[in-house]
Amino acid sequence: MRLPLRSFCIFRNLISRRQTAGAHRRGLSGAAMRLVQFRRHGDSESVRVGVELGEGLNVVDLKAFDPSAPSSVKELLELGDKGLECARRALASGQCVVNRAEIHLLPPVLAPEKVVCVGMNYRDHCLEQNAPIPKEPIIFNKFPSAITGPYDDICLPSESQEVDWEVELAFVIGRRGKHIKEEDALSYVAGFTVANDVSARDWQMKRNGKQWLLGKTFDSFCPLGPALVTSDAVKDPHNLDIRCVVNGDTVQSSNTSQMIFKTAALVAWVSKFVTLTPGDVFLTGTPPGVGVFKKPPVFLKKGDVVECQIDQLGSIINRVV
């Protein structure tokens, strides 16, 4: 039976909307990749975007493959599917591979518009403090200038004597959105990475009216990396083992299943208040085992080495200086 023309047009538009919605639910990347930013040794100026051949392996240089390629992961995300398609083609080509030993790895996102952080977001971390489970996400922020590389130093500020570690799952926004519905929220996430929410507890808990910002945002207080692992490469971001190791001793060990507010809920919640843009970084909270709640408390000192590990994402290793 033939449909009248008007009915056919309505049917076709409905199918088109469903296909578009389906694409949004699937997310941005459509392929599993590990995006990185790096500088070649001896080149202190030029930032390059690359794709790892595998965790800790050599890197495909996008700019060498395609001179029109973006110069940062943030710019790559701003191009949407076009930018990610460029990365996919470069990876599939097997060309323009740079030896890992020839590069210095940078944080996977530089100069994001926002660094959004979530406090008290692990059930086991709340239990550690005898604190109630939050009914709404507790949101604070770091300034983007706190971000440092996955293997760069953490600088102890002279203003604080109580600097602490916090391993965290981080995710990066891939496209612009406001008032995002929770059921659509994952389509706005480009991928996941590892973060350390380094914290000056004296400034966070005792000074500046106990507001958290100053204690969280000293320079180098947000090591990030090693790669932005696209969403399609992470089977379940809320079932990943997460650990922090200080000087070889495991101080935090949990699983992201302990998160109270998951990725989609955080995207939907924060987008009620601010417009999210490509490159925005979210830190999603830390599990138990931070130094301030040990008896007696333990804080970082010069010479310490902090390693933050998340399964499927990798690890970041930072020396305290």
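Only heavy atoms go into these numbers, but all of them, side chains included; no hydrogens, no water, no symmetry mates.
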Backbone N/O of N239 and side chain of T256: donor-acceptor pair under 3.5 Å: yes
S257 and N255: side chain donor to acceptor below 3.5 Å: yes
Ion pair check, E85 and R88, cut-off under 4.0 Å: yes
From CG (N318) to CG (D153), nearest 0.5 Å: 8.0 Å
NZ/NE/NH1/NH2 to OD/OE distance under 4.0 Å, D311 and R243: yes
Lys/Arg N to Asp/Glu carboxylate O, R100 vs E52, below 4.0 Å: yes
I154 side, atom CD1; F218 side, atom CZ - distance, nearest 0.5 Å: 13.5 Å
Side-chain donor/acceptor of D202 to backbone N/O of Q161, under 3.5 Å: yes
All side-chain contact (heavy atoms from CB on, under 4.5 Å) counterparts of A111, not counting sequence neighbours: none
Short side-chain donor-acceptor distance under 3.5 Å, S199 and D164: no
Spacing of N121 atom CG and C117 atom SG [to the nearest 0.5 Å]: 11.5 Å
ILVMFWY clustering at 4.5 Å (side-chain atoms), partners of L106: V47, L110
Residues forming a side-chain contact (heavy atoms from CB on, under 4.5 Å) with E75, sequence neighbours excluded: P70, S71, S72, E78
I103 side, atom CD1; H41 side, atom NE2 - distance, nearest 0.5 Å: 7.5 Å
Salt bridge (charged side-chain N to carboxylate O under 4.0 Å, His left out) partners of E166, counting only residues at least two apart: R201, K216
Pairing of K114 and D280 as salt bridge, 4.0 angstrom limit: yes
Under 3.5 Å: donor-acceptor pair, side chain of T284, backbone of L169: yes
Non-hydrogen atoms of L77 and I173 that approach each other most closely: CD1-O, 3.7 Å
All side chain to side chain donor-acceptor pair (under 3.5 Å) counterparts of D66, not counting sequence neighbours: S68
Given H125, Q258, Q252, the one that forms side-chain contact (heavy atoms from CB on, under 4.5 Å) with P287: Q252
Donor-acceptor contact present, side-chain N99 to main-chain A101, <3.5 Å: yes
Residues that V234 engages under side-chain contact (heavy atoms from CB on, under 4.5 Å), provided they are two or more places apart: F192, V229, P237, L240, Q312, L313
Atom of T193, atom of L224 and distance for their closest heavy-atom approach: CG2-CD1, 3.8 Å
Expected output: side-chain S271 to main-chain A268 donor-acceptor under 3.5 Å: yes
Exceeds 12 heavy-atom contacts within 6.0 angstrom, atom CZ of F140: yes
Hphob cluster co-occupancy, F143 + F273, side-chain heavy atoms under 4.5 angstrom: no
Salt bridge present between D184 and K181 (N-O < 4.0 angstrom): no
Under-4.0 Å salt bridge between D197 and K142: yes
Intermediate values then yes/no, side-chain hydrogen bond (donor to acceptor under 3.5 Å, both in side chains), S315 and E307: CA-CA 7 Å; S315 64; E307 181 171 3; 3.2 Å; yes
